[in-house]
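Here's the structure, in structure tokens; my notes come after.
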Amino acid sequence: MSTPSAVCFHQVTKKYGDLSALKGISFEVEEGAFFGLLGPNGAGKSTLINAMSGLVIPTSGRIAIQGFDVQKEYRQTRRLLGLVPQELIADPFFSIRELLELQSGYFGLRGAQQKAWVGELLERLALSDKSDANTAQLSGGMKRRVLIAMALVHRPRVLVLDEPTAGVDVDLRRTLWAFTKELHQQGHTIILTTHYLEEAEALCDKVAIMQKGEVKALDSTQALLSKHHYRYLRVTLASEANQLIAPLQARLVEKESNGLVFKLEKTASLSQLLAWLHESQLEVTDVSSRDASLEEVFLDLTAEGGSDAK
Amino acid sequence: MQNNWFGCWALFVKEVRRFYSVVVQTVFAPIVATLLYLLVFGHVLDTQIETYASVSYSQFLIPGLVMMAILQNSFSNTSSSLIQSKMHGNLSFVLLSPISAFEFYSAFVLASVVRGVVVGLGILIVGVIGFDLTWQSPLWVLVFAILSAAMMGGLGVLAGIVSDKYDHLSAFQNFVIMPLTFLSGVFYSIHALPEFWQQLSYFNPFFYMVDGFRYGFFAQSDVSVYLSLSITVLFLILISSINLILLNKGVKIRQ
């Protein structure tokens with residue numbers, strides 16, 4: 001018998017009046033994956049992950065966490081899932097430690113072992129010094145760490161992070177990256193939504209790109225990058241380029257004083273580009289080539305009428 | 001499906017700790033405000049208004065004021081906690097946990113009963129010490145205190161669910177709870193009212209809670225204590241059923 005996937009979406013739709021926030025989403029996230037859910041604002045990412053956690057009730061379709069139905073078997077799915085919400089939520093009545101202990105209680109967890117785990121979370125997320133501080137008085141970065149601790153208090157198998165590094169400084173971003181990597185290595189399935197595409201490229205082994213409530217692309221990060229039809233060539237010139245011939249102008253994506261960046265079809269030859277540069281009477285001093293980044297793939301896919309890499 | 005009563009207990013404890021953390025505002029202030037009613041109305045009207053035989057107006061007034069405090073504070077506890085949690089977003093901490101709609105509702109209502117009874121007890125102690133108040137049937141006093149607090153806690157949950165902002169809750173409090181409380185016989189026996197207002201009082205569920213509670217002190221009431229008990233229980237079941245349907249469907253708390 002095959003092991004159920006960590007998360008399975010089957011024909012999930014969500015309508016708010018006339019607006020379709022999710023239009024029949026179907027895909028699976030494998031057990032132990034580090035999965036990136038990307039898309040522009042309003043793509044439906046948060047709606048989808050809130051539907052996983054039960055904060056949003058889908059209009060139709062089914063979501064299962066490790067085989068358990070999110071609606072019918074919510075007690076099991078909520079024990080399996082930890083959600084770090086996008087909004088910086090606080091409770092002005094309680095300190096960090098009190099909140100973590102109360103949250104443990106909601107899951108029916110208590111005793112010395114749970115107290116020790118709460119202590120470990122506080123330590124690991126550098127919150128020990130502030131454990132008695134009121135959550136409403138914390139900085140944004142601190143609140144974000146508290147939310148991560150809250151999501152981990154019941155040791156969930158699947159951790160969902162909705163824009164965890166939005167608005168946090170570089171140091172904290174790196175700390176959070178290291179922490180989520182560590183959780184992944186320990187066997188947790190991680191689902192991450194982010195606007196920082198370099199973050200998704202560095203962390204995620206599989207990515208889904210959503211737009212307007214639909215999945216536009218779903219593949220491993222490497223496959224998605226290699227499927228991209230273009231590469232980027234940076235050309236350094238001896239002097240500033242005043243005029244370019246039409247084929248070069250059509251492929252130009254960036255222009256600096258003595259440097260030009262061209263977006264070139266992977267099938268196009270480098271000698272052809274050099275020939276066009278020669279025709280434009282430009283002296284080339286250096287040429288470097290690179291593949292598309294996830295950000296460029298993302299922009300290409302989410303542009304109106306962009307190519308579908310699904 | 002397995003129950004999560006420890007989770008329910010944790011939520012109850014959280015709700016009690018929430019109001020205890022601002023005890024001056026949630027307990028002492030309503031006790032003092034209610035005692036001011038007693039001081040002013042009791043002093044001015046003690047010889048003016050006739051109530052039951054061998055019962056002074058101040059003695060008559062105290063159970064009414066105690067019940068008024070229970071009703072208002074039980075309602076406030078659930079309604080303000082829910083609306084604050086919705087506005088701050090921290091309600092999602094509970095919604096993400098494996099607590100069922102029934103466990104969620106029970107925890108909120110039980111905490112509201114605790115607050116209502118604590119405030120009521122504070123006023124009652126002053127009444128017993130200062131006004132020589134005794135009770136004929138402590139069991140009726142206890143039954144009506146708990147059932148009425150639970151009903152109002154439930155009504156507070158309903159108001160908290162349907163309200164989108166503090167303004168909606170304030171409207172509910174000022175245009176529904178306050179008039180029904182003041183017109184429930186807290187300050188008078190409905191037999192002292194003109195016929196029309198007397199008849200109208202029978203449609204006010206709060207009247208039965210005040211009247212039944214008062215019966216526990218004086219063994220006298222405007223209507224049968226069993227009728228009062230039946231109507232209080234009926235409203236508790238009705239409000240609880242509506243709440244459980246809304247909570248199970250996630251109306252206004254899950255999108």
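The sequence lines fix the lettering, A, B, ..., with proteins before strands; numbering per chain opens at 1. Reckoned from all heavy atoms, side chains included, excluding hydrogens, waters and symmetry mates.
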Problem set entry | Minimal non-hydrogen separation, W135(B) against L124(B), with atom names | CZ3-CD2, 3.7 Å

For this session: With a 4.5 angstrom heavy-atom cut-off, could you sort out which part of V22(B) is near chain A: side chain, backbone, both or neither?
Result: side chain

Exercise. With chain B, which of R110(A), K14(A), Q103(A) has the greatest number of heavy-atom pairs at distances under 4.5 Å?
Worked result: R110(A)

Exercise. If we ignore angles and hydrogens, is there a donor and acceptor under 3.5 Å between the side chains of S128(A) and E123(A)?
Worked result: yes

Problem set entry | F182(B) atom CZ, over 12 foreign heavy atoms within 6.0 Å | yes

Seminar exercise, completed: The salt bridge (Lys or Arg N to Asp or Glu O under 4.0 Å) partners of R254(B) (sequence neighbours excluded) come to none

Exercise. With sequence neighbours excluded, what pairs up with W9(B) under the ring pair (Phe, Tyr, Trp, His ring centres under 6.0 Å) test?
Worked result: F12(B)

Problem set entry | Max heavy-atom pair count under 4.5 Å with chain B, selected residue of I57(A), L109(A), T135(A) | I57(A)

Seminar exercise, completed: Residue pairs passing the ring-ring contact (aromatic ring centres under 6.0 Å, His included) test with at least one member in residues 13-59 of chain A, sequence neighbours excluded, are F9(A)-F27(A), F27(A)-F35(A), F34(A)-H184(A)

Problem set entry | Interface residues of residues 80-100 of chain A facing chain B - non-hydrogen atoms under 4.5 Å apart | L83(A), I89(A), A90(A), D91(A), P92(A), F93(A), F94(A), E98(A), L99(A)

Exercise. Can you say whether S100(B) sits under 4.5 Å from chain A via the side chain, the backbone, both, or neither, judging by heavy atoms?
Worked result: both

Exercise. Would you say the side-chain atoms of S60(A) and T13(A) include a donor-acceptor pair closer than 3.5 Å?
Worked result: yes

Exercise. Any chance CG of N174(B) has more than 12 other-residue heavy atoms, nucleotides or ligands included, within less than 6.0 Å?
Worked result: yes

Exercise. Looking at L55(A), V56(A), L147(A), which one has more heavy-atom pairs under 4.5 Å with chain B than the rest?
Worked result: L55(A)

Exercise. Do you know which of P98(B), A10(B), G250(B) has the most heavy-atom pairs with chain A at a distance under 4.5 angstrom?
Worked result: P98(B)

For this session: Output the option from I99(B), L96(B), V94(B) having the highest count of non-hydrogen pairs under 4.5 Å with chain A.
Result: L96(B)

Problem set entry | Contact origin within S92(B) toward chain A - heavy atom pairs under 4.5 Å | both

Exercise. Rounded to the nearest 0.5 Å, how far does CZ of R78(A) lie from CG of N4(B)?
Worked result: 10.5 Å

Exercise. Can a donor-acceptor pair be found between the side chains of Q173(B) and S76(B) at a distance below 3.5 Å?
Worked result: yes

